[in-house]
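I'd like to ask you about the structure that follows.
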Amino acid sequence: MKVIAAYLLAVLGGNAAPSAADLKGILSSVGAEADDDSITLLLSEVKGKDITEVIAAGREKLASVPAGGGGAVAVAAAPSGGAAAPAAAEAKKEEKVEEKEESDDDMGFSLFD
């Protein structure tokens, strides 16, 4: 994410085609380390593309991602009484199961597919 942010800062600053050195300079100015592989990947993916079109395509992809959170609504909508208590207890058990933490480097998306 920091490499993408550095790229966007460079573009917003007027550099239509930032180089790897430009991105490394931006990242080092704030004390962040630059990963050469990430920079190379990003630059190869956006080479020759208009950044506004890339952002627009990304927004379209994100619009189809479900926001989640529907399970709690179903439990809350259940009528109060004896039948709702077991359902609520089961929902609490499911919530206690911890999911494996994933790296947020790409947040499950590949760059500009």
Side-chain angles (χ1 to χ4, degrees):
M1 291 299 285
K2 62 185 172 186
V3 175
I4 295 171
Y7 183 87
L8 291 173
L9 284 171
V11 171
L12 286 172
N15 186 349
S19 66
D22 295 331
L23 300 182
K24 286 180 184 180
I26 291 169
L27 291 170
S28 67
S29 72
V30 295
E33 297 202 14
D35 177 23
D36 290 334
D37 293 336
S38 296
I39 291 173
T40 303
L41 175 63
L42 174 67
L43 292 177
S44 68
E45 292 290 332
V46 297
K47 184 177 182 178
K49 296 180 183 176
D50 178 28
I51 195 65
T52 56
E53 291 176 5
V54 172
I55 292 171
R59 282 186 181 161
E60 289 177 22
K61 288 182 181 181
L62 286 175
S64 65
V65 175
V73 174
V75 172
S80 62
E90 187 174 324
K92 286 183 182 180
K93 286 181 186 177
E94 290 177 14
E95 289 179 35
K96 289 183 181 179
V97 176
E98 292 185 28
E99 294 183 18
K100 177 185 166 196
E101 289 188 28
E102 296 181 16
S103 172
D104 65 343
D105 289 341
D106 66 350
M107 294 178 60
F109 301 103
S110 20
L111 291 175
F112 312 108
D113 282 340

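Please read all numbers here as calculations on a predicted model, not as lab measurements.
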Measuring from L12:CG to I51:CD1, what's the distance to the nearest 0.5 Å?
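Reported to 0.5 Å precision, the distance equals 9.5 Å.
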Verify same cluster id: L23, I55 (apolar side-chain graph, 4.5 Å):
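Linked within one cluster.
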If we count only N and O atoms by modelled type, under 3.5 Å, do the side chains of D22 and S19 hold a donor and an acceptor together?
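There is such a pair (donor and acceptor under 3.5 Å, judged by atom type) between the side chains of D22 and S19.
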So which heavy atom on A16 is nearest to which on V11, and how close?
O-CG2, 4.4 Å
Checking side-chain contact (heavy atoms from CB on, under 4.5 Å) for the pair L43/Y7: CA distance, chi angles, key distance, verdict?
CA-CA 9 Å; L43 292 177; Y7 183 87; 3.9 Å; yes
Are the side chains of L41 and V3 in touch, meaning some heavy atoms are under 4.5 Å apart?
no
Report yes or no: does K2 contribute a side-chain atom to a donor-acceptor pair with the main-chain N or O of E33 at less than 3.5 Å?
yes
Check whether L9 and L27 end up in the same hydrophobic cluster, where Ile, Leu, Val, Met, Phe, Trp and Tyr are linked by side-chain heavy atoms less than 4.5 Å apart.
no
Hphob cluster co-occupancy, L8 + I26, side-chain heavy atoms under 4.5 angstrom:
no
